[in-house]
Amino acid sequence: MSASPSTRSTIIVWFRDDLRLSDNPALAEAVGTDCPVLPVFIQETRPKTLRPLGGAAKWWLHGSLKKLGRDLEKAGSRLVLLDGDPSELLPRLADEAEAQAVYWNRRYHPKACAADARLKSALKEQGLDVQSFNGSLLVEPWDVQTGEGSFYRVYSPFARAARQILDPGSPLPAPKKINAPKHWPDGCALDDLKLRPTKPDWAGGLRETWAPGEAGARERLAAFLDERLPRYKTHRDSPADEATSALSPHLRFGEISPRTVWSACSARAEDTDDSSLRGSAEKFQSELLWREFAYHLLYHLPPLEEGNVQSKFDDFPWAKTGTALSAWKKGRTGYPIVDAGMRQLWQTGWLHNRVRMIVGSFLTKDLLIDWHVGEDWFWDTLVDADAANNPASWQWVAGSGADAAPYFRVFNPVLQSKKFDPDGTYLRTFLPELAELPDEHIHEPWKAPPDILKAAGVTLGETYPEPVVDHGSARKKALAAYEEIKGQAA
DNA sequence: TATATTTTGAG
DNA sequence: TCAAAATAT
């Protein structure tokens with residue numbers, strides 16, 4: 001039996017981390033019924049359910065919601081914005097709109113899952129059809145299991161299993177026309193969500209670097225495939241070479257689906273005889289699987305987010321935070337590769353993955369500061385800060401994670417700098433005060449002869465800091481600290 | 001996606 | 001003598 005659209009009642013599509021029209025399963029399913037569709041985004045003020053967004057992520061969300069609203073308008077629809085608790089707002093909205101159904105794409109944060117499950121049963125009791133979809137992952141956390149029927153704690157076997165069952169299929173097309181409800185409910189204005197920073201100049205570097213929204217995500221993907229993917233495998237670790245996709249914030253907000261990225265990448269690989277391009281595509285896809293692995297861990301291991309996966313790290317003798325921490329945040333540690341990274345983070349809201357590892361190792365091992373402190377800073381400053389990837393990566397660096405680098409893997413910031421930025425191009429981009437130093441001295445200016453420093457206009461302790469710690473002795477202290485917890489069970 | 005130190009062995 | 005390999009953390 002089919003009724004005409006006008007007699008069918010509305011389906012609410014609740015947008016969360018899926019701010020796109022293309023390949024959006026909840027939206028596609030709703031549009032496919034020919035019913036009126038009511039798209040809604042709710043700024044959730046439930047700190048017990050969701051961690052409040054950091055400053056950079058809020059800036060991004062503002063831009064992304066603006067674009068999503070416009071894209072919906074082009075399809076004859078709108079984005080209704082609400083501010084508050086979804087468990088109160090959605091039942092009320094469903095009543096007012098005389099909706100028959102609520103659809104959404106799933107999320108995987110344990111607290112958010114629980115809240116969504118409670119909301120689902122409440123809405124069902126209200127007589128609504130509630131359906132959830134997979135819009136954010138290639139492999140949902142329960143899709144892969146070890147031979148013993150549990151979840152994976154180690155990346156490689158997880159990735160192997162994921163590749164075996166992975167069948168991304170074709171991305172769903174964006175709906176051209178979305179039926180509007182008879183009446184649009186009141187929502188708030190985007191500016192009422194107060195997502196933009198109060199000091200506008202704070203976001204200058206973000207505006208120059210990024211184009212939030214689905215169109216920006218697609219452009220970034222196209223540019224990646226054409227210009228960066230061919231050299232991805234060989235250049236991905238070099239922060240000056242810009243060979244990485246920089247899709248992370250777009251994936252974080254769901255402006256593009258991992259299925260779209262994965263299948264576009266596969267198409268390039270299948271379309272070529274160039275074995276290095278195929279190798280690059282495979283390597284890049286394995287990085288997408290790290291994202292999947294982080295969500296797998298987040299779902300199955302609640303301590304991922306706030307505790308230590310290896311609980312012996314609860315007793316680790318972390319140092320008190322103080323001036324060294326603020327030097328790290330400001331990019332004034334005296335180690336150029338660390339400082340360049342921390343300034344890239346502050347200026348652009350993003351940091352190259354190699355440099356994330358270097359600054360993370362420096363904070364947790366050279367400064368002996370608890371990884372949670374670094375994770376909080378990243379949460380506030382990264383445009384791609386993500387409930388799964390951010391803590392999983394910090395626990396990996398700190399050595400407290402499920403499949404972590406062993407604690408004794410201490411990065412040497414000078415060796416890393418020389419190896420991955422040999423001619424100092426990356427350093428000079430973010431540390432103009434060192435730009436005139438010759439290549440052989442820019443990685444460790446404290447060792448440069450006085451006349452060379454003078455010629456380059458560098459005065460240590462004034463124009464650029466002396467190192468806040470000596471790496472050699474800091475490394476020994478870190479290994480000694482680790483000895484204190486080493487004997488304990490994981 | 002580690003590094004420092006020690007050992008080995010060719011020359 | 002020194003680079004490569006092995007080893008410890």
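Chain naming here is simple, since letters A, B, ... match the order of the sequence lines and numbering starts at 1 in each.
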Spacing of [X] atom [atom1] relative to [N] atom [atom2], expressed in whole Å:
X	N	atom1	atom2	result
A:Phe411	B:dA2	CZ	P	6 Å
A:Phe362	B:dT1	CZ	P	19 Å
A:Arg409	B:dT3	CZ	P	10 Å
A:Phe408	C:dT7	CZ	P	15 Å
A:Leu415	B:dT5	CG	C1'	14 Å
A:Lys365	B:dA2	NZ	C1'	9 Å
A:Asp366	B:dT3	CG	P	11 Å

Sugar-phosphate only, base, or nothing, as touched by A:Phe420 at under 4.0 Å among non-hydrogen atoms: sugar-phosphate
Donor-acceptor contact present, side-chain A:His109 to main-chain A:Leu50, <3.5 Å: no
A:His235 side-chain N/O to A:Ala243 backbone N/O, donor-acceptor pair under 3.5 Å: no
Donor-acceptor pair between A:Thr381 and A:Trp346 side chains, under 3.5 angstrom: no
Check: A:Ser473/A:Asp470 side-chain N/O donor and acceptor closer than 3.5 Å: yes
Residue-level proximity of residues 468-490 of chain A to DNA chain B when a heavy atom falls under 4.0 Å: A:Arg475
Among B:dT1, B:dA4, B:dA2, the nucleotide that comes nearest once only the side chain of A:Asn353 is considered: B:dT1
A:Asn412 side chain, from C-beta outward: closest of C:dT9, B:dT3, B:dT1: B:dT3
Listed once per pair and sorted, the salt bridge (Lys or Arg N to Asp or Glu O under 4.0 Å) pairs that draw on residues 380-408 of chain A, sequence neighbours left out: A:Arg356-A:Asp384
Partners meeting salt bridge (Lys or Arg N to Asp or Glu O under 4.0 Å) with A:Arg196 (sequence neighbours left out): A:Asp191
